[in-house]
4 protein chains.
Amino acid sequence: MMSLSQLQLDEIREAKQFKKQTSRATVDALEEILFEPIKVLDHGFVRVIDYMGDDSAIVQAARVSYGKGTKKINEDKGLINYLMRHWHTTPFEMCEIKLHVKLPIFIARQWIRHRTANVNEYSARYSILDKEFYIPAPENLAMQSHTNRQGRGGVLEGEEAARVLEILKNDSEQSYKHYMEMLNLNEETNEVLDPSRAGLTRELARMNLPVNYYTQWYWKVDLNNLLHFLRLRADAHAQFEIREYANAIISILEKWLPLTFEAFKNYRLNSASISEQGMGVVKRMLAGEKVTQELSGMSKREWDELMMVLEK
Amino acid sequence: MMSLSQLQLDEIREAKQFKKQTSRATVDALEEILFEPIKVLDHGFVRVIDYMGDDSAIVQAARVSYGKGTKKINEDKGLINYLMRHWHTTPFEMCEIKLHVKLPIFIARQWIRHRTANVNEYSARYSILDKEFYIPAPENLAMQSHTNRQGRGGVLEGEEAARVLEILKNDSEQSYKHYMEMLNLNEETNEVLDPSRAGLTRELARMNLPVNYYTQWYWKVDLNNLLHFLRLRADAHAQFEIREYANAIISILEKWLPLTFEAFKNYRLNSASISEQGMGVVKRMLAGEKVTQELSGMSKREWDELMMVLEK
Amino acid sequence: MMSLSQLQLDEIREAKQFKKQTSRATVDALEEILFEPIKVLDHGFVRVIDYMGDDSAIVQAARVSYGKGTKKINEDKGLINYLMRHWHTTPFEMCEIKLHVKLPIFIARQWIRHRTANVNEYSARYSILDKEFYIPAPENLAMQSHTNRQGRGGVLEGEEAARVLEILKNDSEQSYKHYMEMLNLNEETNEVLDPSRAGLTRELARMNLPVNYYTQWYWKVDLNNLLHFLRLRADAHAQFEIREYANAIISILEKWLPLTFEAFKNYRLNSASISEQGMGVVKRMLAGEKVTQELSGMSKREWDELMMVLEK
Amino acid sequence: MMSLSQLQLDEIREAKQFKKQTSRATVDALEEILFEPIKVLDHGFVRVIDYMGDDSAIVQAARVSYGKGTKKINEDKGLINYLMRHWHTTPFEMCEIKLHVKLPIFIARQWIRHRTANVNEYSARYSILDKEFYIPAPENLAMQSHTNRQGRGGVLEGEEAARVLEILKNDSEQSYKHYMEMLNLNEETNEVLDPSRAGLTRELARMNLPVNYYTQWYWKVDLNNLLHFLRLRADAHAQFEIREYANAIISILEKWLPLTFEAFKNYRLNSASISEQGMGVVKRMLAGEKVTQELSGMSKREWDELMMVLEK
């Protein structure tokens, strides 16, 4: 039940079937899912509109060489690993991807903080928003954590959960009803409701809608900035809802650039950054010393973070 | 009735009185309004937190010279006019300003599209939003324009206006009431409402609030990008609400950099950009020819825009 | 006599012949010149390595629509003209191009000031530079302008021209000879010259080479920033040598995005920006008034610039 | 023997003595060295022209609070450490510094690759370059490393070193002599050499100068990007000459923002980034296991890098 109309789905099917010849770098695994929406949350999606480059394009830029050369695949892999390990950034900027994303406004507000990207967003100044809003699945109705102001604790249950869902649904419904009333439009048909009324301007009427309403945009970004986005937004500290989008994009990355995907997992996503003090602790431990938080000079919180990383 | 508490106003007064010595470029007229909120809309404001540079700093950078030199004031003015006229950008990047802005979320969403700036926004993941929302003044309740999808037509009146204001106020009130209920907090005291309930996590509860709620941020930007922002957002095509912020910042610019302010008005804000075709029309008219839209090769819409610029 | 080896030219031919199927936006006219070097100056070139999007992709982003839709070509043209005329930028950011450029270092230093682009440059820390340097054609040996510190006057002739060419060639030759000597390498064979010597490190030896030596890079940029680059660098005020590159890229733009190319010429490249004061003069002239510089309030220089734009 | 004229030094002294009152954040330790050149290499320098913010400004932005608040110094320190440890970036963007830097062209070419900064460079299109070039000190005349294409090996000695210095000096001298000859200017007096000659335009004549010639610029950058620059350029893999500039700027950072400086050293400059595979090795070692390269799944090179980090 993806939120694309039958007309749109037909257009996607047609666009995919219309194949052209190109001499550009082309990735078959990505062509297969081109234009197809990947479902995220209740009404959102991510779909690939266009892309530039493949794993070889990164290698090619790193070598500023001509054509594919005759290097074997394991040499490409070794070079990509090297570039990732040593935090080289410019060769990864040589790939680009354009995504069409449908997402709740409050997630769009986090996402847009990544400034080095190109965005065309659906404008509620020009157009009327659809009646589509995000309601969390019951298992994601997290309670406020008491140890971490930013985080989620356990899951709400029973009456409290039911009441939250009721509020979210009712208020979303009512906001939209009033949005259309202010626009002087019929909620079902989008036709003028009362010819004797003028209707509030769209750019003002929209302000009655809550931030769980869905917006959509084209988002185009180079691979280096995409990896940075994914590292932050697929992280356990990111809000669940944006993590769902990050994970959908990671599944795209795996098809698009398999060598880069592996390097990204090893050297970024699952890597650890350890401070000078932390490294001092690690070295003393490796030398067989018994180190305690008191002796480490680190705060309790920082010490605990280090022990979690070291699984001690 | 600025939306700062008495405590905050006391802190501002104290901060201003605590003067230090500096050898940096300093602008007395800006020091006078430092930290002071300039009211915008019903609950918003803009205030200057810090700044770097003055008109001379632009000249200094353009000359990459040492110290203030001995040039007279009218030479500085001439050089700033020259730089602005010829679209030089880097000398204007040598000034910087840091503002504290309180603004409705739907305006913040337009504003943030200017990517070349630094932003720290109040986070509703961490903190509880205040009950402050934007309600347009009756004279700004514009109806939808029928000739321009993006624009505003006349002003709503009578019952229709009353109903819009009623909807906006009631829905804003109710959203907040439910926001606090989901957080399990008392709306007046912010204390726990029902100890037997857990409360929804803040990062989810916020999604019930409409985009007319106020957020706030520190926004730091260089002068070149600020002028670009002001040109677009003080323009008649910009939404009224963001224009109000742009105008407040222009009043700050006038105090901060009087020579740049004058050049900006002449060469940017009130200047005209005329296409090759349009210049062809102007030249023929100046030569005494009678030119019509049909002869011009321009579309009706474009011709009308040109005639408006030429006041013909 | 393009500065690509036979091996490289063979690779280019092979890469072009290797066609793949894609559902992405594809431009046949650009596919035809893909990978092919366009000669610039004596040893430089520009060639297209990859691209994303076509004229329709701009329209599609502007509409945030799905697929190509059924709009006729003249509607696409009208929308692109509208976007360009009203300085919309984000739809143009949805196209991207990757170029391989070979250019003298002093031109690379101007070029790189355009920051919103991705660059992989040939590194003289890692690799040995080829013996290729720029010598202006005799007709470009401009003398220093006396009215404009930045500009060129007439062309040097006779003995003075001959002496300049002699200096440039000899010093370039000698610098390279010494570069290779410091590296302890044979200038012809790149083999070790004297096994008893160690050779200066490459990252230091390179500092003996003058800025007319050629470097090369992959340069990837979105269309909006490309147009900005072209407007500044194809301008009569830009240095001749970088204008040659801008013109080569404009010839690529014409093949890639014919509608955007036309709009760019009309609304950017050949358009005029006239100040508020200047518009005052134009309006008075159009009203039949006789306006003089003295009455205009403009400086002599600014007045002259305006009269040149108006061809008066 | 700093490369500033007596006139310039007098101006600096005067500028420093001219103190104004400000309510802005002010750092006494930085005011003391304001405008003063810190020597780098043989003719280069770094000097602070202006700055915005102090350690408290970072804390203030992180709290989006009003005024300095009443937090004790160790709470500021704890928050800055927290922000640095968790890779928060936006609060650090709230500080800004403007530097005047004199540096060899080949270093300027590395430096400028950091795009998120504002730059006004001395223009050799407009102005005549001084006769100032970089000659490495004998102890920095490194030989090419044979294990690392990018790196330096031991130091050249004896005749080979003498010959390198002779080449660099002679070619630099001769280039400048010819530069001035082409400009038709007297090398000592900058006066016209031969009234019967026109002189080559400056924008062309400059191309005879090698990249060890000094240029200069104003460079303005926010703290977050500055720290990024310093981490890369103070690193052992960076070229010695740019490291010297990075170290000079680190000494400025220490005076400007002592708390941030300490956090930067611990969490960035001397921290370690360890891959998922690497962390697997560390954990097994901490568990008392004997791990070898063969068992680790890592390449020899990567294993060696890990062992160096672990000091095993």
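Protein chains get the first letters and strands the later ones, always in sequence-line order, with residue 1 at the start of each.
When heavy atoms are compared at a cutoff of 4.5 Å, E241(B) approaches chain A solely by way of its side chain, counted from C-beta outward. Using a 4.5 Å cut-off between heavy atoms, R197(B) contacts chain A through both its backbone and its side chain. Only the side chain of A108(B) comes within contact range of chain A, with heavy atoms under 4.5 Å apart. Heavy atoms of R113(A) lying under 4.5 Å from chain B belong exclusively to its side chain. Residue contact with chain A, scored on non-hydrogen atoms closer than 4.5 Å, is absent for D194(B). Looking at L209(B), the atoms closer than 4.5 Å to chain A (heavy atoms on both sides) all sit in the backbone: N, CA, C or O. The contact between V119(A) and chain B is made by backbone and side chain atoms together, counting heavy-atom distances below 4.5 Å. Proximity to chain B is absent for every atom of E157(A), based on heavy atoms less than 4.5 angstrom apart. Contacts between Y134(B) and chain A at a heavy-atom distance below 4.5 Å involve backbone atoms as well as side-chain atoms. Heavy atoms closer than 4.5 Å to chain A are found nowhere in E159(B), neither backbone nor side chain.
Contact of the T116(A) side chain with the V221(A) side chain is not registered, since no non-hydrogen atoms from C-beta on lie closer than 4.5 Å. Counting only heavy atoms from C-beta outward, the side chains of F229(B) and I249(B) approach each other to under 4.5 Å. For the pair F133(A)/D42(A), no side-chain contact is recorded, criterion being any heavy-atom separation below 4.5 Å from C-beta on. With a 4.5 Å cut-off on side-chain heavy atoms, W217(B) and N120(B) do not count as touching.
No other option in G153(A), A117(A), G199(A) has as many heavy-atom pairs under 4.5 Å with chain B as G199(A). Contact count against chain A (heavy-atom pairs under 4.5 Å) is highest for D171(B) among N212(B), V164(B), D171(B). Ranked by non-hydrogen atom pairs under 4.5 Å with chain A, the options L168(B), I167(B), L141(B), N170(B) are led by I167(B).
A salt bridge links D304(B) and K300(B); the closest N-O separation between the charged side-chain nitrogens and carboxylate oxygens is under 4.0 Å. Classification of E187(B) and K177(B) as a salt-bridged pair fails, no side-chain N sitting under 4.0 Å from a carboxylate O. Salt bridge annotation for E160(A)-R163(A): absent, with no cationic side-chain nitrogen under 4.0 angstrom from a carboxylate oxygen.
At a cut-off of 3.5 Å, with distance as the only test, no side-chain donor of R268(B) or H228(B) sits close to an acceptor on the other residue. Side-chain polar atoms of Q110(A) and Q239(A) form a donor-acceptor pair below 3.5 angstrom.
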